[in-house]
Amino acid sequence: MFENENDEKPLAELFAVYAKDVSRLAAQPKIVESFDALQQGRPEPEQLLDREDELPLAQLLEIKKERFRHSCRDSKKKNPLKSKKVRGEVKRGKRRSTRSNDLQMSRRFRPEDETTKWDSLEHNGVLFPPEYVPHGRPLLYNGSEIALPPEAEEVATFFAAKLGTDYVTKATFRKNFFEDFRKTLPSSLRERILRLEDCDFSRIRAYLDDLKEQKQNMPASKRKELRESEALRVAPYTVAIVDGRKEKVANFRVEPPGLFLGRGDHPLMGRVKRRITPEDVTLNLGPGAPIPPCPTPDHHWGSIVHNRKVTWLACWRDPISDEYKYVWLNAASHFKAVSDQEKFEKAQQLSKHITRIRKEYIKDFDSPNRHVQQRSVALYLIDKLALRVGNEKGDDEADTVGCCSLRVEHVLLQEPNTVQLDFLGKDSMRYFNKVTIDPRVFRRMREFIKGKKLFENIFDELKVDELNDYLKSLMPGLSAKVFRTYNASYTLDRLLNGTSTPGSDFHSRLLFYNEANKNVAILCNHQRSLPKTHTVMVGENPRTT
DNA sequence: ACATCGGACTCAGAAAGATTATG
DNA sequence: ACATAATCTTTCTGAGTCCGATG
């Protein structure tokens with residue numbers, strides 16, 4: 001179906017064809033059956049994908065008729081939203097600060113706000129987890145029963161729930177938990193409870209196991225009944241009305257309290273993540289929208305804002321990381337469709353410039369300027385190996401790296417031009433790869449490493465922002481992550497439309513697709529650890545079978 | 001003028017839950 | 001037909017990227 005002769009064509013053509021496909025979907029309420037799609041040489045992604053991210057065909061096909069109507073209209077423009085009409089009653093200006101209540105600047109005082117995301121926004125706020133109900137099960141300390149006050153009991157119960165996981169074997173987790181747990185104890189108990197090793201949470205655990213079993217033994221009818229009444233209770237929070245469209249909310253539940261579970265060797269793992277109160281929560285609403293009543297009578301919302309430049313419905317600060325947490329619309333919403341489309345259009349743009357850009361950075365391998373050399377080598381690795389860019393990280397985060405933050409210890413150079421990369425990337429997933437690289441890159445890397453200690457940065461003269469600024473100069477809107485999207489898309493296309501083809505039957509087509517998808521996952525180093533309770537097939541990627 | 005940082009958004013694997021296969 | 005296991009799907013929230021405001 002597509003030509004694959006050079007780097008630049010396939011993706012662009014691909015998108016043209018899929019755009020057609022999307023408009024066909026737009027005209028028909030029903031999504032194609034997977035078999036039909038396969039018959040036409042295109043799998044139906046919703047059923048076939050491991051992961052939907054970074055797989056553009058899937059994403060585009062996924063666009064349903066409704067959101068298509070809104071998003072494709074202005075798809076050629078830089079910001080598809082800007083041409084949206086201003087609705088009558090909304091005359092409020094943009095806000096400088098989401099925290100301030102200043103709404104007085106009228107629209108007519110500024111030219112045209114290209115960043116406005118909506119004109120009216122209505123929703124019912126967020127759903128808080130139920131208050132803690134004490135169960136009265138004791139902690140055993142050196143064998144003797146200790147009744148805990150509710151606050152401490154709750155925290156002890158968080159820990160009991162984690163028994164059996166390998167979190168409880170980790171020293172950091174235990175230390176952090178125990179410190180925070182002791183803070184919840186009244187002083188009399190705090191003097192007594194001194195060592196986690198002497199704490200026995202088994203009574204509490206037994207209670208949790210009981211609850212679970214009761215749930216399991218519940219007759220199917222009763223379970224169904226419960227599920228339905230719960231769905232009814234939750235229903236008001238599941239939708240928002242955005243510019244008159246009814247949209248589904250993704251994470252309308254406020255994160256419940258619990259123990260912080262970081263990935264990998266996170267210094268904060270085991271810390272108690274405290275309960276979020278309405279006072280912590282900021283709601284973003286249309287200026288004319290009713291303010292949802294605060295669900296707990298003695299409380300009030302932290303603040304109400306009318307920030308039309310953002311797409312979130314609510315936010316609060318994470319008590320552990322102090323980062324913002326947001327409530328968004330779900331992946332099928334207009335907002336997400338638009339940004340998805342922009343993402344893939346950007347990747348498509350890159351496909352038109354990639355040959356030029358590659359020439360450019362190859363030329364820079366020979367630059368006399370060390371900074372330019374590092375920039376070009378880093379970009380080469382990002383392009384060739386689909387590495388992430390690797391921003392700086394703080395002391396309160398796990399030590400993981402990406403391209404720009406690679407250290408000497410992560411790299412092994414083997415003559416004449418093989419590099420072995422071994423590091424922990426995002427989510428502390430191990431990246432291990434041994435590849436031959438351009439000899440010029442090999443030589444440069446040897447130079448960058450020379451005389452440095454193991455813990456020193458290879459790209460010591462390169463900052464992520466500088467790299468991205470440079471990319472902007474090569475192509476508007478270009479940043480490091482676009483290479484990942486582009487290379488994933490390009491690879492999938494090449495595999496699906498390359499020389500090898502599947503048999504005609506459904507099953508072999510499915511296998512063919514899954515195989516292509518698996519290869520994209522390998523490129524992007526997407527992987528899951530094997531469930532540890534099961535027998536492990538050594539060397540087998542869990543996603544293959 | 002420029003480096004830093006706050007903020008908003010996507011990306012990601014684990015866990016939980018639902019469904020289907022199996023013995 | 002039934003219990004259990006395997007697998008697939010959804011939810012959850014932590015972990016990244018990146019841009020524009022700030023000083």
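The chains referred to below are lettered A, B, ... by the order of the sequence lines, with proteins before strands, and numbering in each begins at 1.
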Report task. Would you kindly say whether A:T400 and A:K393 are connected by a side-chain donor-acceptor distance under 3.5 Å? Result -> yes
Report summary line: Of A:M429 and A:T311, the one whose nearest nucleotide on DNA chain B sits closer to the 5' end is A:T311
Query - A:N330 CG - C:dT11 C1' separation (whole Å) - result: 12 Å
Query - Integer-rounded Å distance: C:dA15 P and A:D427 CG - result: 7 Å
Requested in this report: Check the distance between B:dT4's C1' and A:K463's NZ and give it to me in whole angstrom.
Outcome: 11 Å
**Report entry** Proximal nucleotide (of B:dT4, B:dA8, B:dG7) relative to the A:V310 side chain
**Finding:** B:dA8
Requested in this report: Show your reasoning for whether side-chain contact (heavy atoms from CB on, under 4.5 Å) applies to A:E247 and A:H334.
Outcome: CA-CA 8 Å; A:E247 304 255 37; A:H334 177 59; 3.2 Å; yes
Query raised in the report: NA contact type, A:I320, heavy-atom cut-off 4.0 Å: base, sugar-phosphate, or nothing?
Result: nothing
**Report entry** Nearest-angstrom distance from the residue atom NZ of A:K393 to P of B:dC5
**Finding:** 17 Å
Query - Side chain A:N330, main chain A:A332, donor-acceptor under 3.5 Å - result: yes
Query raised in the report: Among A:N284, A:T115, A:D119, which residue meets the side chain to side chain donor-acceptor pair (under 3.5 Å) test with A:R308?
Result: A:D119
Requested in this report: Using atom CZ of A:R317 as one end and atom P of B:dC5 as the other, report the distance to the nearest whole Å.
Outcome: 14 Å
Requested in this report: Considering just the side-chain nitrogens and oxygens of A:Y324, establish if one lies under 4.0 Å of OP1 or OP2 belonging to B:dA8.
Outcome: no
Query raised in the report: Should A:S339 be listed as having a side-chain N or O under 4.0 Å from OP1 or OP2 of B:dT10?
Result: yes
Requested in this report: For A:R227 and for A:E466, find the nucleotide of DNA chain B with the closest heavy atom, then tell me which residue's nucleotide is more 5'.
Outcome: A:E466
Requested in this report: Would you state whether a donor and an acceptor, one from the side chain of A:K481 and one from the base of B:dC11, lie under 3.5 Å apart?
Outcome: no
Query raised in the report: If you check every side-chain atom of A:P256, which of B:dC5, C:dC12, C:dT13 has the closest atom?
Result: C:dT13
Query raised in the report: Is there a donor and acceptor pair closer than 3.5 Å between the side chain of A:R263 and the base of B:dG13?
Result: yes
Requested in this report: Please confirm whether A:H410 and A:Y431 have ring centers closer than 6.0 angstrom.
Outcome: no
**Report entry** A:Y326, nearest nucleotide to its side chain (from B:dA8, C:dT17, C:dG14)
**Finding:** B:dA8
Query raised in the report: A:E342 CD to C:dC19 P: how many Å, rounded?
Result: 12 Å
Query - Contact under 4.0 Å: A:K343 side-chain N or O vs B:dC11 OP1/OP2 - result: yes
Query raised in the report: Could you give the CG-to-P distance, from A:L226 to B:dG17, as a whole number of Å?
Result: 13 Å
Query raised in the report: Counting only side-chain N and O atoms of A:R388, is one of them less than 4.0 Å from OP1 or OP2 of C:dA15?
Result: no
